[in-house]
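Since the structure comes first, as structure tokens, the remarks are kept for the end.
Note on naming: letters A, B, ... go to the chains in the order of the sequence lines (proteins, then strands), and numbering restarts at 1 for each one.
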Protein chains: 2
Amino acid sequence: MARMEKSEILKIIGQNIKRIRLEKGLTQVDLVGKIEAQIDTTNISRIEKGRTNATIHTLFRISQALEVPLSEICKLN
Amino acid sequence: MARMEKSEILKIIGQNIKRIRLEKGLTQVDLVGKIEAQIDTTNISRIEKGRTNATIHTLFRISQALEVPLSEICKLN
DNA sequence: TCTTGACTTGTCAAATATGGCAAGAATGGA
DNA sequence: TCCATTCTTGCCATATTTGACAAGTCAAGA
């Protein structure tokens, strides 16, 4: 893995989430509705846009709602 | 992926990191020495023990130092 | 144009990750 | 046992994520 800026990896992960979410035909509201603990579309949006450096547990909850492995969201290529 | 407690996924990810680090024959000090930006063995230890809910960027830097894909560290099975 | 749904962004408070240091525990070897 | 190395943990200050709400943007249609 080549050197990558923080902003770059956050952007890729955000794109992964957005892509998978759209593939499943879900809106952000649908997504948070499927997440067990409380989470907000605000946060989803910021993560999808790469504006926030999410914790692994938040990404895990998203992966559960999307029904994909956490590692799928964390692919950088 | 079955329901999993936050503490459980943090523990698994920590074990992944520790396992890979040991496979590479690295100490925590070696590891931080390979990481570009500053990071502390304190933090590595806390992550390996599952005591902290690391951000994805921190895990990414660790994956770079370990020379494995980020997704490898994020495997939960 | 107006409306609706979907998303983004600003701000706030609370919680917590991070970096840093120091002290303590654990481990293995001489 | 003593020592050195490695790792863990407590504490602190700072930065940032998170949840929450409100307001703004944007696109598609009627």
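Side chains of A:Val32 and A:Asp40 form no contact here, defined as non-hydrogen atoms less than 4.5 Å apart. Counting heavy atoms from C-beta on, the side chains of A:Ile13 and B:Leu70 come closer than 4.5 Å. You'll find the side chain of A:Ile47 stays beyond 4.5 Å of the side chain of A:Leu10, heavy atoms only. Using a 4.5 Å heavy-atom threshold, the side chains of B:Lys49 and B:Lys18 count as separate.
Across the helix from C:dT1-D:dA30 to C:dA30-D:dT1, the helix axis at one end is tilted relative to the axis at the other end by 40° (nearest 10 degrees, each axis from five pairs).
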#### Entry: Protein proximity profile, nucleotides 14-20 of chain D - base contact B, sugar-phosphate-only contact S, no contact -, cut-off 4.0 Å on heavy atoms
---SSBB
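The side chain of B:Gln28 places no N or O atom within less than 4.0 Å of a non-bridging phosphate oxygen (OP1 or OP2) of D:dT5.
Counting non-hydrogen atoms under 4.0 angstrom, A:Thr27 reaches the backbone sugars and phosphates but no base.
With salt bridges taken as basic N to acidic carboxylate O contacts below 4.0 Å, none links A:Lys24 and A:Glu67.
Whole-Å rounding puts the B:Glu48 CD to D:dC7 C1' distance at 9 Å.
In the 5' to 3' direction, nucleotides of DNA chain C lying under 4.0 Å from heavy atoms of chain A begin and end at C:dA6 to C:dT11.
Distance check, rounded to the nearest 0.5 Å: CZ of B:Arg61 to OG1 of B:Thr55 gives 7.0 Å.
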